[in-house]
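Let me begin by presenting the structure, written as structure tokens, before commenting on it.
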Amino acid sequence: MKYIDEFQDPELARRLLDDIHATVTRPWALMEVCGGQTHSIIRHGIDQLLPDEVELIHGPGCPVCVTPLEVIDKALEIASRPGVIFCSFGDMLRVPGTGRDLFQVRGEGGDVRVVYSPLDALRIARLHPDREVVFFGIGFETTAPPNAMTVHQARKLGIRNFSMLVSHVRVPPAIEAIMSSPSCRVQAFLAAGHVCSVMGVQEYPELAERFRVPIVVTGFEPLDILEGVRRAVRQLESGEHTVDNAYARAVRPEGNPAARAMLEDVFEVTDRAWRGIGVIPDSGWRLSPKYRDHDAEHRFSVEGIRTQEPAACRSGEVLQGLLKPHECEAFGTLCTPRTPLGATMVSSEGACAAYYLYRRLDMPTAAAREASPVV
Ligand code: SF4
């Protein structure tokens with residue numbers, strides 16, 4: 001069977017697949033929330049191993065992809081200021097803002113540095129007390145705790161020249177927004193295991209009940225994903241809609257209490273814009289008033305920057321599961337990892353990049369299908 005011998009345990013993979021094939025009786029659409037899961041699915045051909053009835057829709061769980069253009073533009077503005085050292089994880093440097101990216105700011109003389117931890121940025125701030133050091137804090141519930149801890153440390157140690165440009169997002173409100181959309185086709189979710197390892201699963205039963213949708217907490221290895229699909233399909237076929245933890249080796253129901261306490265201390269819930277999707281109520285975090293002195297947006301007065309998303313990139317539809325990457329007219333032609341039009345082609349977790357990297361170039365694009373429709 002295609003791909004399956006590359007699995008860590010091919011025999012178990014076959015058993016899981018056999019179970020899914022034996023269980024399914026009609027079409028179902030499942031959304032994997034996390035971009036890491038999307039890459040695992042495409043890389044290992046899991047979508048092609050599943051029965052035709054089971055469709056995997058790729059969700060909005062790539063942190064780089066959902067960071068709105070306007071936040072990138074704020075980062076570019078701050079990084080261009082004299083005296084600023086702007087620190088970021090490497091994958092944000094190539095994300096296009098309006099007209100340029102952080103690499104270009106660095107080429108123009110800006111002090112933009114790649115770090116591997118927010119604490120690296122804090123160390124740089126201690127080494128350069130005469131400079132303003134800014135860390136670009138983006139991502140989901142997974143990256144938020146170390147960022148929160150870094151701001152907490154900065155305040156505790158009195159490192160006043162350190163601030164953070166915060167654009168954190170939360171998964172449950174995104175699930176709510178997806179399920180509330182009139183065009184939603186999702187019938188079950190594979191929830192992101194690493195998010196639940198921090199936050200636990202308490203936020204999901206209400207969503208599962210309200211939208212009558214199974215939510216299966218799922219890991220990232222190919223076998224984890226097959227197990228998550230198997231459990232979701234079993235629920236769908238039997239008319240159930242419960243929260244099921246298929247990643248118990250990493251996820252406790254209560255999550256990580258220490259990390260959650262740190263989040264509650266440093267951040268407060270706020271409305272947040274998602275790239276290509278728009279504002280989702282209560283879907284983000286910002287620094288709470290106690291830590292506002294370390295808020296880069298406030299310190300550099302960039303709150304007023306407003307940017308329109310470019311029309312050419314359809315990443316908003318990709319992120320909502322309304323469009324597969326190869327169905328975008330620009331996929332693989334105008335838009336490639338070397339010439340990205342949108343963040344979903346830049347990020348290592350972006351769905352467009354996954355399709356480009358793992359052999360999906362041969363899939364017909366929307367334009368090609370229109371030119372030669374199947375009859
Ligand atoms: S292929 Fe490129 S232009 Fe199309 S949605 Fe993806 S990132 Fe945007």
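We count ligands from 1, going down the list as the structure has it; atoms in each ligand are counted the same way. Since we're looking at a predicted model, the values are computed, not measured.
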* Asked: Relative to the heavy atoms of Gly342, which atoms of ligand 1 are at a distance of less than 4.0 Å?
  -> 7 (S)
* atom 7 (S) of ligand 1: nearest protein contact (heavy atom, Å) -> Thr344 OG1, 3.2 Å
* Might you point out which heavy atoms bring Pro129 and Asn161 nearest each other, and give the distance in Å? => CA-ND2, 3.6 Å
* To do: Decide, counting backbone as well as side-chain atoms, whether Cys335 has an N, O or S atom less than 2.8 Å from atom 2 (Fe) of ligand 1.
  => yes
* Go through the steps to decide whether Arg185 and Glu55 satisfy the test salt bridge (Lys or Arg N to Asp or Glu O under 4.0 Å), and finish with yes or no. => CA-CA 10 Å; Arg185 294 193 300 117; Glu55 180 188 0; 2.9 Å; yes
* Asked: Is Glu132 salt-bridged to Arg299, going by a charged N under 4.0 Å from an acidic O?
  -> yes
* Ligand-residue contact atoms, ligand 1 with Met345, heavy atoms, under 4.0 Å -> 7 (S)
* When you measure from atom 6 (Fe) of ligand 1 to every protein heavy atom, which one gives the shortest distance, and what is it? -> Cys352 SG, 2.3 Å
* Which protein heavy atom lies closest to atom 8 (Fe) of ligand 1, and at what distance to 0.1 Å? -> Cys313 SG, 2.4 Å
* Asked: Any idea which part of Cys328 is under 4.0 Å from ligand 1, heavy-atom wise: side chain, backbone, both or neither?
  -> side chain
* To do: Just do the ring-ring contact (aromatic ring centres under 6.0 Å, His included) check on Phe136 and Phe86 with the steps written out, would you?
  => CA-CA 8 Å; Phe136 201 177; Phe86 193 88; 5.6 Å; yes
* Can you see which heavy atom on Met31 is nearest to which on His58, and at what distance? => CE-O, 4.0 Å
* To do: Would you check if the side chain of Thr143 reaches a backbone N or O of Ile138 as a donor-acceptor pair within less than 3.5 Å?
  => yes
